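Data block below; observations after.
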There are 2 protein chains.
Amino acid sequence: MLNSILFYSLDKAIRSYRRMAQANIDRAGLAITIDQWLVLRVLLEHDDLTQHEIAEQVFKDQASVARMLALLTKRGLLSAVPLPNDGRRTKLRVTEQGQHLLDAVHPLILNNRARALAGISVEEIAVLQQLLERIAGNCVPTD
Amino acid sequence: MLNSILFYSLDKAIRSYRRMAQANIDRAGLAITIDQWLVLRVLLEHDDLTQHEIAEQVFKDQASVARMLALLTKRGLLSAVPLPNDGRRTKLRVTEQGQHLLDAVHPLILNNRARALAGISVEEIAVLQQLLERIAGNCVPTD
DNA sequence: GCAATGTTTATGATATATCATAAAAAATTT
DNA sequence: AAATTTTTTATGATATATCATAAACATTGC
């Protein structure tokens, strides 16, 4: 019954992937969540983003990002140095330890993606991606 | 950068849909979450499922379902009557109030789906669904 | 320079996700 | 029947999602 509903399949696909991916990371003894990994990846590229900008990049909201940053900092994967020109903000830098963890996780992520997409052609992936983007676009609030 | 990753698009599509759908339900003044709605819908069809079976239906885990059932019961949308033949379980029935809420939400859900899928043909939806199911299938744990 | 406005971060409240485990009850084995 | 195993539910711990709001700070307009 629910199987015939597209959004159920959508939810199931991403959650299946997440469970599988997280299980593989855990099994490798790496202490990081997929979401934390994503945030660190973004911060590796840009260390001058506001929480709101980070949130946009990873499609989360600012409150979630704030809590993830606090956690990542507590874990020593991220360093937050106050910015001289703005008393509210900090410069966020991935630490050595964070770097090592990212490096260790990277091949696993590639593996997970390959496994999830096994038997699906490049053309099919392109079609899929394009449809997903159209759906996301349709759901953007207008006002 | 992240935009080129399929799983990011996947995550974004379902989260965009959920935000839009929940916002519409909230705006209508209906006090229910999409997840709660889903569980109630399942219970409407079958009132003799274990928490584990419900979890399978809605693709959540038993712990999440347990908490949702407790909440739904507290809210008066669900009644839980002890089963005589099994001291652990209860018969879960959607209450009158739950029924009314489901009835009120239903047209909104149809609206939300239509909006999310605007401009996407039936054939495209079929392709999409089939690909999503293949991905979910690839992620199923083997052992 | 001050008031009003906007931005940025932090956090409270509530809900869900996930793993792990405890506790109770049922089913099975011997 | 008693012991063992399995099933079912509840809950602790931790992480994330979301909305709302507070607090600190920066910026703009006057």
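Predicted model only: the values in this text are computed from it and were never measured. Here is how names work: the chains are called A, B, and so on, in the same order as the sequence lines, proteins then strands, and each is numbered from 1.
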Common cluster, B:V94/B:L49, ILVMFWY with side-chain heavy-atom separation under 4.5 Å: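 Yes, same cluster.
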Using side-chain contact (heavy atoms from CB on, under 4.5 Å), reason through A:L117 and B:N138 one step at a time and then give a plain yes or no. CA-CA 7 Å; A:L117 298 177; B:N138 283 342; 5.7 Å; no
Consider the side chain of [X], meaning its heavy atoms from C-beta on, and name the nucleotide among [options] that approaches it most closely.
X: B:R88; options: D:dA26, D:dT16, D:dT9; result: D:dT9
X: B:D35; options: D:dT18, C:dA17, C:dT8; result: C:dA17
X: B:R67; options: D:dA10, D:dT18, D:dG12; result: D:dG12
X: B:T50; options: D:dA17, D:dT9, C:dT16; result: D:dT9

May I ask you to verify whether the side chain of [X] and the base of [N] hold a donor-acceptor pair under 3.5 Å?
X: A:R89; N: C:dT9; answer: no
X: B:Q62; N: D:dA10; answer: yes
X: B:R15; N: D:dT18; answer: no

Need one value for [X]: base, sugar-phosphate or nothing, where a base atom within 4.0 Å counts as base even if backbone is also close, heavy atoms only.
X: B:S64; value: base
X: B:D86; value: sugar-phosphate
X: B:L71; value: sugar-phosphate
X: B:R18; value: nothing

SB check B:E124 A:R134 (cutoff 4.0 Å): yes
Rounded to the nearest 0.5 Å, how far does CG of B:L77 lie from CG of B:L101?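 Answer rounded to 0.5 Å: 5.5 Å.
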If you find the nucleotide of DNA chain D closest to A:M68 and the one closest to B:L69, which residue's nucleotide is nearer the 5' end? B:L69
At less than 4.0 Å, is any side-chain N or O atom of B:Q36 found next to OP1 or OP2 of C:dT16? Yes or no.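 Yes, within the criterion.
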Can you work out whether A:D26 or A:H52 has the more 5'-proximal nearest nucleotide on DNA chain C?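 The 5'-side residue here is A:H52.
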